[in-house]
Participant: 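Sharing a structure below in structure tokens format, with a few things to ask.
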Amino acid sequence: SLWRRSLVLHKADRNIAKLFSLSIRLPKFLERFPEAQILYMARDPLSVIPSSMSLVIGVLDKAFGFWSKPEPVRRRWLDRMYKAWILLFQKFYEDWTTGVIDKRRVYIVRYDRMMADFESVMSEICDFLGHEMTPQLKANVHARGEKQRKYESEHKYNLEKYGLTEEQIRRDCAFYYDTFLPPLGEINKPSWPVNGSSK
């Protein structure tokens, strides 16, 4: 109902929403909204997990003094938060690999590829969505691509602070790396059937 109101208000024919929790209920969402198309961001768990934990802990620390809690309490929470993230990755992976998700309606956007080759990724996204790549949009995309190739994140996370190691994350998320984040040299085609019905 809210999305229909938004279309009327903005005199538009398409809603665009950033839905963080969609990956764990994507099959039901696609069933409920048969015209929906999904852009799924696949990003390195080594970046996603500590970044997300830092964000949530920042809120908890201001509200409840998280870092002043007894070590066993902090450790229990960190362990549960970490396992929850693994489950989020695993749920999408299982739905994707077992055919529960209609892959014709989902485009996997690799974060690392988007940062390195923004123009090609945006061209593929426009093809997937059936959106015209106008000269003005192409110029904007090129300008953004140039800027992103020079971007370096200032955020550095100490995994040890969260009781984690790189080896642990790579081991626990091996299924995700193998399926969605293989070496970039192995990526040679879009993540959806180009000749399939994607609209």
Side-chain angles (χ1 to χ4, degrees), residues 1-49 51-52 84-138 140-142 144-145 148 172-199:
S1 176
L2 287 173
W3 284 352
R4 283 196 294 269
R5 292 186 197 177
S6 178
L7 291 177
V8 173
L9 176 65
H10 296 99
K11 297 180 175 61
D13 59 5
R14 170 177 283 170
N15 275 312
I16 301 176
K18 188 174 183 179
L19 307 173
F20 294 97
S21 62
L22 193 58
S23 63
I24 60 174
R25 53 176 65 90
L26 191 52
K28 288 187 177 296
F29 182 88
L30 290 172
E31 180 181 350
R32 174 64 180 81
F33 299 97
E35 295 184 357
Q37 293 172 285
I38 306 297
L39 303 177
Y40 176 87
M41 178 71 74
R43 192 172 184 179
D44 191 339
L46 280 169
S47 297
V48 173
I49 293 175
S51 173
S52 302
W85 269 105
I86 301 301
L87 286 174
L88 285 176
F89 288 127
Q90 194 162 20
K91 181 64 168 68
F92 182 79
Y93 161 81
E94 290 175 354
D95 288 342
W96 182 265
T97 56
T98 59
V100 179
I101 291 175
D102 183 354
K103 296 181 181 180
R104 296 171 301 174
R105 298 168 59 193
V106 180
Y107 173 73
I108 305 294
V109 183
R110 283 189 56 152
Y111 181 82
D112 54 351
R113 182 167 175 252
M114 183 184 72
M115 295 300 288
D117 190 10
F118 187 65
E119 293 88 340
S120 293
V121 172
M122 285 301 300
S123 178
E124 291 172 11
I125 288 176
C126 283
D127 287 343
F128 169 70
L129 297 174
H131 188 81
E132 181 185 2
M133 177 65 79
T134 64
Q136 182 60 57
L137 178 57
K138 188 173 183 178
N140 291 342
V141 166
H142 178 71
R144 171 59 63 177
Q148 287 190 175
D172 293 342
C173 297
F175 64 91
Y176 193 84
Y177 282 107
D178 292 343
T179 305
F180 303 111
L181 298 170
L184 279 174
E186 298 179 12
I187 302 298
N188 54 22
K189 61 180 180 179
S191 66
W192 82 97
V194 175
N195 295 322
S197 173
S198 63
K199 301 177 183 63

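Below, each value reflects all heavy atoms present in this structure, side chains not excepted, and no hydrogens, waters or symmetry copies.
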Participant: Which heavy atom in P27 sits nearest to a heavy atom in I101, and how many Å separate them?
Facilitator: CG-CG1, 4.1 Å
Participant: Drop me the distance from M133's CE to N140's CG, to the nearest 0.5 angstrom.
Facilitator: 10.0 Å
Participant: Strictly by side chain to side chain donor-acceptor pair (under 3.5 Å), give each pair with a member in residues 24-34 just once, sequence neighbours left out.
Facilitator: S21-R25
Participant: Can you see which heavy atom on D102 is nearest to which on L30, and at what distance?
Facilitator: N-CD1, 4.2 Å
Participant: Are more than 12 heavy atoms from other residues, nucleotides or ligands located less than 6.0 Å from atom CG of L19?
Facilitator: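 Check passes, neighbour count above 12.
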Participant: Can you see which heavy atom on R113 is nearest to which on V121, and at what distance?
Facilitator: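 In terms of heavy atoms, the two residues are closest at NH1-CG2, 3.6 Å.
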Participant: Hey, what do you get for CD1 (I125) to CD (Q37), rounding to the nearest 0.5 Å?
Facilitator: 11.5 Å
Participant: Work out which heavy atom in W96 is nearest to a heavy atom in K103; give both atom names and the distance.
Facilitator: O-CE, 3.1 Å
Participant: Under the 3.5 angstrom rule, does the side chain of R110 hit a backbone N or O of P182 as a donor-acceptor pair?
Facilitator: yes
Participant: Looking at residues at least two apart in the chain, or sitting in another chain, which of them share a side chain to side chain contact (heavy atoms under 4.5 Å, CB included) with E119?
Facilitator: D117, V141, H142, R149
Participant: If you draw a 6.0 Å radius around NZ in K91, do more than 12 non-hydrogen atoms from other residues or ligands fall strictly inside?
Facilitator: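 Count over threshold, so yes.
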Participant: So how far is it from R43 CZ to Y176 OH, rounded to the nearest 0.5 Å?
Facilitator: 11.0 Å
Participant: For the atom pair CG (N15) and CD (E35), what is the distance rounded to the nearest 0.5 Å?
Facilitator: 11.5 Å
Participant: Might you work through the side chain to side chain contact (heavy atoms under 4.5 Å, CB included) test for V106 and L26, ending with a clear yes or no?
Facilitator: CA-CA 10 Å; V106 180; L26 191 52; 4.1 Å; yes
Participant: Pick out which of F128, F29, F92, Y107 makes a ring-ring contact (aromatic ring centres under 6.0 Å, His included) with Y40.
Facilitator: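 Only match with Y40 under ring-ring contact (aromatic ring centres under 6.0 Å, His included): F92.
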Participant: Compare every heavy atom of F175 with every heavy atom of I86, then report the nearest pair and how far apart it is.
Facilitator: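 Heavy atoms only, the tightest pair is O-CZ, 4.2 Å.
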Participant: So which heavy atom on L88 is nearest to which on S23, and how close?
Facilitator: O-OG, 4.4 Å
Participant: C173 versus L181: any side-chain heavy-atom pair under 4.5 Å?
Facilitator: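 Side-chain contact under 4.5 Å: no.
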Participant: From L39 CG over to L129 CG, what is the distance, rounded to the nearest 0.5 angstrom?
Facilitator: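 Between atom CG of L39 and atom CG of L129 there are 5.5 Å.
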Participant: Please report the interatomic distance OG1(T179) to OH(Y93), rounded to the nearest 0.5 Å.
Facilitator: 4.5 Å
Participant: Between R144 and M122, is there a side-chain heavy-atom distance shorter than 4.5 Å?
Facilitator: no
